Amino acid sequence: MPELPEVETYRRFIDELAVGQTITALEVLDAHVLATPPDQLRSALAGRTIKGTKRLGKNCFLELDNGQVLVLHFGMTGDVGAYRDAPDAPRFTRVALHLEDSGLRLAFIDPRKFGRIRLADSVAAYQQAKKLGPDALDITAAELQQKLGRRKTLLKPLLLDQSITAGLGNWIVDEVLFQAKIHPERLGVSLSDKEFQALHSAIQLVLATAIKQEANYRDFPASFLIHAREWDTSATPGTEAHKFCPRHPKVKIEKYYVGGRATYICPKCQPAPDALDAGAASKQRKHARAGAKADK
DNA sequence: ACCCATGTTCTTTG
DNA sequence: TCAAAGAACATGGG
């Protein structure tokens, strides 16, 4: 579940495990997750010492003693782990770094193999190459407003766009919009100054909370929408209360799709966009329909 | 057996 | 050029 808080948790793990250690070998169990050719990666890593770690959005970086960085992106199902002997490798370990002093191996675990490992010349170079915006923990309310305030696009896809701000993923955006009491289908251009402030505060609140709990969702406050997501209720069957808004015990959380992504909202807390903004969108749909009829 | 899924990137369509 | 929708990726789990 690697969105920003998970990746920050992974980074801290790696920081404790690997900083100061020298890489003795790169073990490739499945080359699919390598975005840099295996041979090139091996020669670049062997004998290098890990000087520190960094994170930008959902990306984690291991800083090498020659200035280069090893970039880890965890896709949808990536994780990290540590083990000593080969038979103890966690299930779905795809790549492992052998560490000299501790004799441990740092595992890159990824069942679905959407994750990637690559070499880059610096964090900044990678950020530029991938067109990543400022980290979601660093972006200011003013920057957010400047980037979104003229966009006639649905708010949810905008917040998921890593080039606007990096680190927000599907559940976090839902949580942020719920906390900010803004509907995911509002257009960027329709938000008031006050709403941008609320949006920014909500991003800070959700990320800080998630990082504090090391991204263990079930430890999040009861005021969070996340408890309404199916993967929570499925773990505790029959808990119907989870399906209701934390602020309105009688209002059911609605699930539907926005920009192709599963989206959860409280219809009372997050009123649907009206004529002022996404009226434009519904008008467009009407025109399209009328046009289609006229064509026949 | 079928459907869903936390992310990214490309293609298609309007 | 922009915006939206869909597909593709690879695979496990409900």
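In what follows, every chain begins at residue 1, and chains take the letters A, B, ... in the order their sequences are listed. Bear in mind that the values here come from a model prediction, so they are computed numbers and not experimental data.
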Spacing of the C1' atoms in B:dT8 and C:dG13 (rounded, Å): 22 Å
For the residue pair [X] and [Y], what are the closest heavy atoms and their distance?
X	Y	answer
A:Leu56	A:Gly133	CD1-O, 4.2 Å
A:Ile226	A:Glu175	N-OE1, 2.8 Å
A:Arg84	A:Leu104	NH2-CD2, 3.6 Å

Going by an N to O cut-off under 4.0 Å, is there a salt bridge joining A:Arg48 and A:Asp65?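 Counted as a salt bridge, because a side-chain N and a carboxylate O are separated by less than 4.0 Å.
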Do A:Thr36 and A:Arg118 pair up side chain to side chain, a donor and an acceptor below 3.5 Å, judged on atom types alone?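 A:Arg118 and A:Thr36 do not have a side-chain donor-acceptor pair below 3.5 Å.
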Do the ring centers of A:Tyr256 and A:Tyr264 come within less than 6.0 Å of each other? no
In dot-bracket form, how is DNA chain C paired, counting a Watson-Crick or G-U wobble pair only if both its distances are under 3.5 Å and using | for bases paired to another strand? .||||||||.||||
In whole angstrom, what separates A:Asp161's CG from B:dC10's P? 14 Å
Which part of the nucleic acid, if any, lies within contact of [X], taking any heavy atom under 4.0 Å across all strands shown: a base, the sugar-phosphate backbone alone, or nothing?
X	value
A:Gly169	sugar-phosphate
A:Arg116	nothing
A:Phe92	sugar-phosphate

Closest-nucleotide mapping onto DNA chain B: is A:Arg112 or A:Leu132 further toward the 5' terminus? I mean the 5' end.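 Here A:Arg112 is the residue nearer the 5' end.
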